[in-house]
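The structure appears below as structure tokens.
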Protein chains: 2
Amino acid sequence: MEEKTISNSRRCYKQWLWFMVLFMSFSVIYVDAVWPMPQMISSSMARYTLNPREFIFQYSSGSSAQPGCSLLDSAFERYFPLIFTDYRHDEWFRFPFTVVVHVERAECEGYPDADSSESYKLSVCSGQAALRAETVWGALRGLESFSQLVYQDDFGEYFVNETKIEDFPRFQFRGILLDTSRHYLPLHAILKTLDAMSYNKFNVFHWHIVDDPSFPYQSSTFPDLSSKGAFHPSTHVYTQIDVKRVIAHARLRGIRVLAEFDSPGHTQSWGKGQPGLLTPCYKGTVPSGTFGPVNPANSSSYQFMTRLFKEVTSVFPDSYVHLGGDEVDFTCWKSNPDVRGFMLKMGFGTDYTKLESYYMENMVNITKGLNKTAIVWQDVSYGLYLSITLAGYRVILAAPWYINHIDYGQDWEKYYTIQPLNFTGTEQQKKLVIGGEVCMWGEYVDATNLSPRLWPRASAAGERLWSDERMTSSVIDAFPRLVDFRCRLLRRGIQAEPLFVGHCRHEYQGI
Amino acid sequence: MEEKTISNSRRCYKQWLWFMVLFMSFSVIYVDAVWPMPQMISSSMARYTLNPREFIFQYSSGSSAQPGCSLLDSAFERYFPLIFTDYRHDEWFRFPFTVVVHVERAECEGYPDADSSESYKLSVCSGQAALRAETVWGALRGLESFSQLVYQDDFGEYFVNETKIEDFPRFQFRGILLDTSRHYLPLHAILKTLDAMSYNKFNVFHWHIVDDPSFPYQSSTFPDLSSKGAFHPSTHVYTQIDVKRVIAHARLRGIRVLAEFDSPGHTQSWGKGQPGLLTPCYKGTVPSGTFGPVNPANSSSYQFMTRLFKEVTSVFPDSYVHLGGDEVDFTCWKSNPDVRGFMLKMGFGTDYTKLESYYMENMVNITKGLNKTAIVWQDVSYGLYLSITLAGYRVILAAPWYINHIDYGQDWEKYYTIQPLNFTGTEQQKKLVIGGEVCMWGEYVDATNLSPRLWPRASAAGERLWSDERMTSSVIDAFPRLVDFRCRLLRRGIQAEPLFVGHCRHEYQGI
């Protein structure tokens with residue numbers, strides 16, 4: 001733990017200037033850094049003892065959220081043991097250290113969405129921390145930062161230093177993709193990932209829920225999709241209750257759940273429970289018995305999709321839905337006489353990309369009709385994959401963070417040094433990049449290795465997406481902070497792997 | 001699960017010939033394969049239901065081991081829940097399926113060692129399985145194979161097929177190295193690894209217990225070594241009780257514990273608790289404040305080592321001890337005037353390899369004096385590392401199985417296709433290769449990622465070291481067997497990562 005004096009705000013507070021001068025003269029201040037780095041943070045050497053028995057969270061009198069705000073009430077419950085890791089509380093003392101939370105707009109029962117503000121201000125003084133945020137989502141981010149400011153000395157005593165933070169995310173969309181089709185991820189693995197995401201201030205869980213190998217989503221409209229398309233019809237499915245639990249768990253942590261039902265390709269598992277949906281491939285003039293992408297020539301395909309997405313968009317509250325649309329192989333379409341006939345009829349000639357576009361346009365219209373914004377994969381020239389929001393073609397960067405790929409050594413540096421806006425383009429174009437996401441494709445990943453493969457490697461992308469690039473450009477500066485943060489993740493039960501030789505005060509004690 | 005007809009024994013049993021003919025005609029036999037592949041296995045379609053309430057282990061009347069044989073008694077206890085994963089036993093029924101174990105020589109309180117026989121014969125018939133072995137160690141291997149023959153159908157019922165196995169290891173030394181210096185591994189992680197090793201029929205735990213970064217071994221003779229050289233003097237150490245527990249846990253599974261105290265290099269952590277042991281490096285004519293390898297010019301170094309290894313060889317019962325001896329950097333020795341003076345006196349000229357050999361010869365003599373056989377690392381021309389047993393220069397192959405190195409994809413194939421004897425040399429020379437070991441160096445590995453990085457990748461090496469190479473030459477044949485075996489490991493609580501897209505009936509339910 002080293003001295004940390006960081007500010008990228010030009011509006012400096014006079015009272016804090018003094019501390020900054022102080023920083024120059026004293027070099028050791030025992031403050032754990034916050035990961036990802038806040039936009040503006042300054043702390044002094046003045047440190048206050050925290051006693052678990054004299055510590056409470058409180059709503060400020062003027063706060064729009066008040067006791068009964070389920071979201072913040074449960075966040076207070078959650079953060080107490082995250083801050084005081086060893087402690088189980090019994091009785092309160094009279095003059096507790098109080099974290100006073102003030103929220104402008106209480107959306108305590110709402111869901112975070114694309115336009116939710118996550119900014120907050122945090123000021124830690126003697127006996128009190130004041131946390132102010134426009135929204136409950138910002139308050140959650142501030143609680144996370146506060147919890148990371150608390151540290152223990154060698155004797156187990158808790159401390160927090162006088163600190164001031166002004167913070168907001170650099171990018172609005174900071175996602176993690178999990179793939180539950182190539183391997184089924186038990187619910188606990190998803191919930192644990194959501195926990196770790198909130199510690200890293202990620203705010204979108206991109207649920208790549210179905211794909212070729214299996215269809216674990218248990219649809220109420222089309223139950224055969226999972227009963228025939230899942231790896232197992234009862235043990236390897238996500239029931240409606242499971243899905244609701246994921247969405248609720250995510251909501252309480254300010255995380256959106258973006259569902260992806262990828263089509264027309266990547267749908268082999270769909271075909272098992274929905275005969276007639278996929279294109280029968282032909283060998284010469286006879287069906288070969290294998291199937292290709294969704295049949296774009298049948299109106300029944302669109303009727304099915306309309307009904308499925310009607311269900312999906314009512315189950316998942318987010319205003320976005322991901323339609324996939326990647327890696328469509330035309331071989332089977334080309335072999336099928338009905339599809340060829342449809343091409344002729346539509347005047348597409350032999351250009352199957354036109355047929356693909358036709359299909360995707362239909363899908364986008366279906367989602368529009370359901371008042372949702374569609375996202376699709378886009379394979380950009382340099383082999384990059386982006387997710388493009390069709391409304392205005394905003395862009396989410398995914399390709400540099402295919403974190404399922406592994407290398408020996410410290411590859412987090414590679415994920416850390418990505419510069420999302422480092423492309424030739426106008427300011428206007430750069431504004432279209434609304435964020436990025438870490439993708440954990442599931443070919444070689446299931447619940448046994450998900451956590452150590454994800455953390456702390458995804459934390460590198462987490463800081464890149466939240467923090468100011470100028471303040472976080474050095475892997476050398478980031479390394480000791482990330483080492484500390486990884487130990488904190490471990491302490492919170494996240495099975496985060498080590499960055500290099502060394503130790504944590506509390507090693508992983510799992511199975 | 002597919003048909004499995006494998007035999008490399010020329011002495012075929014007439015009654016089994018019939019089954020083999022049968023194999024040709026019927027293609028589906030529901031028998032899980034045994035991993036690693038036994039030297040000779042044949043099984044028929046005749047399958048018997050096993051009922052947990054009608055199942056016992058028993059010593060044959062003529063067996064030299066009888067009730068009270070701690071090693072096999074505890075193995076029986078252990079294998080019952082490994083075979084009947086869901087079941088907790090209550091009462092016994094009258095005519096149980098009996099696994100009758102016959103052992104020629106009972107070494108029930110002994111330790112496995114380099115010359116322990118591990119061969120066994122297993123014959124599963126209606127109502128009974130007969131397991132015969134020369135030693136208790138062979139009986140353990142046979143129990144493991146038997147446990148892998150038992151499988152459950154979709155309704156949870158247990159079965160075992162009529163089976164005959166004759167089995168023995170191809171190589172006598174089949175090790176796994178764990179590095180507890182670069183990261184401290186909590187005891188539970190070591191014990192869990194020993195469990196998984198026994199499932200894979202590994203028989204040597206090579207404990208690279210200390211190294212530059214930390215000295216976690218709590219020596220009774222030199223307590224300062226760990227109190228000053230461990231990452232933490234009380235939470236990051238192995239006490240004498242811990243070490244005894246590891247040795248006892250290993251013994252019960254027929255696993256030797258080979259301790260490595262690597263010197264003269266890789267000893268930075270030793271210097272903290274043993275001032276004067278390491279060579280002070282010089283910058284010109286003054287000490288630079290840094291230290292190099294153990295000082296080979298001081299007789300006190302050898303006195304210290306004699307006392308340390310006297311303790312070590314009494315704590316670790318194995319007849320082998322590993323002296324390390326790898327990667328000695330001569331820079332510091334060259335800078336030190338005392339060392340230079342010693343070189344002159346000894347007539348070594350400027351050849352520091354002579355000094356290194358002098359040091360190692362002294363170390364080997366120390367261990368000889370303690371009636372132990374020394375093993376050292378040998379950096380062979382092609383960049384290969386071998387462990388050479390100095391008595392007769394027998395060789396343990398380690399370089400191809402540096403399993404801490406990771407790649408994206410199915411790299412188990414690389415570990416599987418190693419041919420340990422594929423070098424140009426005489427039959428006599430090939431006989432000197434007594435085995436191999438999988439090395440999990442700890443730069444990037446601790447308890448968070450040890451298991452999924454080790455299993456089932458190390459299982460590939462496990463089969464290579466146990467089984468007949470001609471019967472296990474195809475990765476295509478091995479793949480579905482290893483997939484099954486990995487699910488079995490998962491079911492036994494080993495956090496083994498997936499090989500590729502797919503699922504296990506019971507997914508990992510850990511934290």
Side-chain angles (χ1 to χ4, degrees), chain A residues 154 179 181-189 192 211-214 216 230-232 235-236 402 404-412 441-453 455-456 486-487 489-490 493-511, chain B residues 154 179 181-189 192 211-214 216 230-232 235-236 402-412 441-453 455-456 486 489-490 493-511:
Chain A
D154 285 342
D179 168 1
S181 173
R182 290 179 177 86
H183 284 98
Y184 177 80
L185 293 173
L187 211 59
H188 71 85
K192 201 73 165 174
D211 203 302
D212 284 328
S214 75
F231 283 133
H232 188 281
T235 58
H236 287 63
Y402 269 33
N404 50 307
H405 289 277
I406 48 170
D407 272 321
Y408 189 61
Q410 299 208 32
D411 63 349
W412 68 274
W441 295 105
E443 280 85 349
Y444 303 102
V445 177
D446 70 4
T448 62
N449 57 358
L450 172 64
S451 281
R453 198 172 280 216
W455 311 109
R486 177 253 164 180
C487 287
L489 290 177
L490 217 61
I494 305 301
Q495 202 177 335
E497 70 176 14
L499 291 164
F500 196 53
V501 175
H503 77 291
C504 294
R505 192 188 294 170
H506 301 276
E507 299 292 351
Y508 180 67
Q509 293 296 339
I511 300 170
Chain B
D154 284 342
D179 169 1
S181 173
R182 291 179 176 85
H183 285 99
Y184 177 80
L185 293 173
L187 212 57
H188 70 85
K192 201 74 165 174
D211 202 301
D212 283 328
S214 74
F231 283 134
H232 188 282
T235 58
H236 287 62
Y402 270 33
I403 210 158
N404 50 307
H405 288 277
I406 48 170
D407 273 321
Y408 189 61
Q410 299 208 34
D411 63 349
W412 69 273
W441 296 105
E443 280 85 349
Y444 303 102
V445 177
D446 70 4
T448 62
N449 57 357
L450 172 64
S451 281
R453 198 173 280 215
W455 311 109
R486 178 253 164 180
L489 290 178
L490 218 61
I494 305 302
Q495 202 178 334
E497 69 176 15
L499 291 163
F500 196 52
V501 174
H503 78 292
C504 294
R505 191 187 295 170
H506 301 276
E507 298 292 351
Y508 181 67
Q509 293 296 340
I511 300 172

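No hydrogens, no waters, no symmetry mates; every other heavy atom, side chains included, goes into these values. Every chain is numbered from 1, with letters handed out A, B, ... down the list of sequences.
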Point-to-point distance, once rounded to the nearest 0.5 Å, from SG of C504(A) to OH of Y184(B):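 Output value for this atom pair is 14.0 Å.
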Interatomic spacing from NE2 in H506(A) to NE2 in H232(B) - rounded to 0.5 Å: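 Output value for this atom pair is 9.0 Å.
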Give, as side chain, backbone, both or neither, the part of [X] having an atom under 4.5 angstrom from any heavy atom of chain B.
{"X": "D407(A)", "answer": "backbone"}
{"X": "N404(A)", "answer": "both"}
{"X": "L185(A)", "answer": "neither"}
{"X": "H236(A)", "answer": "side chain"}
{"X": "A189(A)", "answer": "neither"}

Non-hydrogen side-chain atoms of V501(A) and S214(B) separated by less than 4.5 Å: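 No, side chains not in contact.
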4.5 Å side-chain heavy-atom contact, Y444(A) and Q410(B):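 In short, these two side chains touch, coming nearer than 4.5 Å.
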Options E443(A), H183(A), E507(A), ranked by heavy-atom pairs under 4.5 Å with chain B, top entry: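 Going by pairs under 4.5 Å, I would pick H183(A).
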Set of residues satisfying side-chain hydrogen bond (donor to acceptor under 3.5 Å, both in side chains) with respect to T448(A), sequence neighbours excluded: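 Counting only residues at least two positions away or on another chain, T448(A) forms a side-chain hydrogen bond (donor to acceptor under 3.5 Å, both in side chains) with D446(A).
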E497(A): partners by salt bridge (charged side-chain N to carboxylate O under 4.0 Å, His left out), with sequence neighbours left out: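 E497(A) satisfies salt bridge (charged side-chain N to carboxylate O under 4.0 Å, His left out) with R453(B) once adjacent residues are dropped.
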Chain A contacts, top residue of G442(B), P213(B), P452(B) (heavy-atom pairs, under 4.5 Å):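 Highest number of pairs under 4.5 Å: P452(B).
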Part of P186(B) within contact of chain A (heavy atom distance under 4.5 Å):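 Side chain only.
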